[in-house]
Amino acid sequence: MINALGRRRGDRPERFRRGVYVLPSLLTVSNLLCGYASIVYSTRGDFDTAAVLLGVAMVVDTLDGFFARLTHSQSAFGAELDSLADVVSFGVAPAILAFTWGLWPLGRLGWAAGFIYVTAAALRLARFNIQSAGSSEKKYFAGLPSPAAASVTASTVFMYPWGLQDPRIAGLALPMMLVPGVLMVSTIRFRSIKMIDVGWQRSYVVLFLGAVALALIASHPRVALVVLSYSYIVFAVGGYLYGRLRRRSGAPPSPAP
């Protein structure tokens, strides 16, 4: 009897560990579900709901990685499953949403732009898996992260969910696909939000600014989400161009400490 109880107690840590591994995978599957549902609603013409589902997929994708790191349950299987889900949610789903929303009047040019975006997202995720294998967390990403690229499409459609029918106006939707696609396969450094060190001394200010951002999103969600998604790209590209201009102008390097 005592041995049986001892074996059962000894099994509990292993069972708990298996449960911990299941939680991040369930969140990854939820991410995949949101991407699939976004595709379904896009084909039905419900662009508002499709864009919101992409936003939910981004939140779930963030929670997936957070719980995996918190519980030390990262695994090769989880990483591969996460990449496959991201290809659907942040690659295929935004491309179909953009096409059904405003690129379809352009015909072959419209679906070709969507295909370029999907290919860029797949290449971005494959490169990320290679670069992050066996390495610790980094402060910067090489290339635009696929969730941030998808946020450009999702926030734009969410701000104007009625769609585009005129081919002359639909041409304005091409940069919404092509620019994030090019940035995903570029080598421009994008800051990892989760690695930003705000410091304890500034925590109250950061908390207040976070409250202001939440208030803006709650009061004017469509405009605020567009500003946030585009600002992340503008600041990164602006910093990259500023650095290149400084190097070309021959600015002396900063003295070593």
Side-chain angles (χ1 to χ4, degrees), residues 18-44 46-101 114 117-133 137-138 141 143-158 176-177 180-181 183-185 190-195 217 221 225 228-229 232-233:
R18 291 176 183 174
V20 166
Y21 278 83
V22 168
L23 178 58
S25 297
L26 284 177
L27 291 173
T28 302
V29 173
S30 300
N31 172 19
L32 181 61
L33 172 63
C34 290
Y36 170 75
S38 177
I39 294 173
V40 172
Y41 279 96
S42 296
T43 57
R44 295 173 56 182
D46 191 349
F47 307 127
D48 213 343
T49 303
V52 170
L53 285 169
L54 286 183
V56 175
M58 297 171 203
V59 174
V60 174
D61 181 64
T62 302
L63 294 176
D64 168 10
F66 172 75
F67 279 110
R69 291 186 298 271
L70 181 65
T71 57
H72 303 287
S73 56
Q74 300 99 322
S75 65
F77 171 80
E80 295 300 327
L81 180 62
D82 183 71
S83 294
L84 293 173
D86 287 354
V87 169
V88 175
S89 297
F90 308 132
V92 179
I96 292 180
L97 174 59
F99 180 80
T100 55
W101 172 77
Y117 177 89
V118 173
T119 303
L123 293 174
R124 171 67 179 82
L125 290 165
R127 184 177 65 181
F128 174 78
N129 288 344
I130 295 174
Q131 293 176 343
S132 62
E137 302 225 7
K138 298 180 180 180
F141 295 115
L144 179 65
S146 57
S151 71
V152 173
T153 300
S155 61
T156 304
V157 174
F158 187 60
M176 186 180 68
M177 285 275 96
L183 291 177
M184 278 192 285
V185 297
F190 287 83
R191 188 67 180 262
S192 175
I193 297 177
K194 63 176 177 289
M195 296 298 291
I217 294 175
L225 291 174
L228 289 175
S229 61
Y232 179 70
I233 296 177

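Reckoned from all heavy atoms, side chains included, excluding hydrogens, waters and symmetry mates. Because the structure is a prediction, the values reported are computed rather than measured.
Smallest separation of non-hydrogen atoms from Thr43 and Val40: OG1-O, 2.6 Å. Heavy-atom minimum distance, Ala98 versus Met176: CB-CE, 3.8 Å. Shortest non-hydrogen contact noted between Val185 and Arg127 is O-NH1, 3.5 Å. Closest approach of Asn129 to Ser83, counting heavy atoms only: ND2-OG, 2.9 Å. When all heavy atoms of Tyr117 and Ala150 are compared, the pair lying nearest together is OH-N, 3.3 Å.
You'll find the side chain of Phe158 stays beyond 4.5 Å of the side chain of Ser229, heavy atoms only. Side chains of Leu125 and Asp82 form no contact here, defined as non-hydrogen atoms less than 4.5 Å apart.
Leu63 CG to Met58 CE: the interatomic distance, rounded to the nearest 0.5 Å, is 13.5 Å. In this structure, CD1 in Ile130 is found 12.0 Å from CZ in Phe128, a value given to the nearest 0.5 Å. Atoms OG1 and CH2, on Thr153 and Trp101 in that order, are 8.5 Å from each other to the nearest 0.5 Å. Here the straight-line distance linking atom CG of Leu33 with atom CG of Leu27 works out to 12.0 Å at 0.5 Å rounding. Taken to the nearest 0.5 Å, the CZ atom of Phe141 stands 14.0 Å off from the CE atom of Met184.
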* Asked: Is there a side chain to side chain contact (heavy atoms under 4.5 Å, CB included) between Leu54 and Val157 once you walk through the steps?
  -> CA-CA 11 Å; Leu54 286 183; Val157 174; over 6 Å; no
* Could you walk me through whether Asp48 and Tyr41 pass the side chain to side chain contact (heavy atoms under 4.5 Å, CB included) test, one step at a time? => CA-CA 9 Å; Asp48 213 343; Tyr41 279 96; over 6 Å; no
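Applying the side chain to side chain contact (heavy atoms under 4.5 Å, CB included) rule to Thr100 yields the partners Ser42, Phe47, Ile96; only residues at least two apart in sequence or on another chain are considered.
With hydrogens and angles disregarded, no donor-acceptor distance shorter than 3.5 Å links the side chain of Ser38 to the backbone of Cys34.
Counted within 6.0 Å of CZ on Phe190, heavy atoms from surrounding residues, nucleotides or ligands total more than 12; the atom is thus considered enclosed.
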In a table with atom names and distances, give each donor-acceptor pair under 3.5 Å that connects a side chain of residues 84-92 to protein atoms at least two apart or in another chain.
{"unit_1": "Asp86", "atom_1": "OD1", "unit_2": "Asn31", "atom_2": "ND2", "d": "3.0"}
{"unit_1": "Ser89", "atom_1": "OG", "unit_2": "Asn31", "atom_2": "O", "d": "2.7"}
{"unit_1": "Ser89", "atom_1": "OG", "unit_2": "Asn31", "atom_2": "OD1", "d": "2.9"}
{"unit_1": "Ser89", "atom_1": "OG", "unit_2": "Ala85", "atom_2": "O", "d": "3.3"}

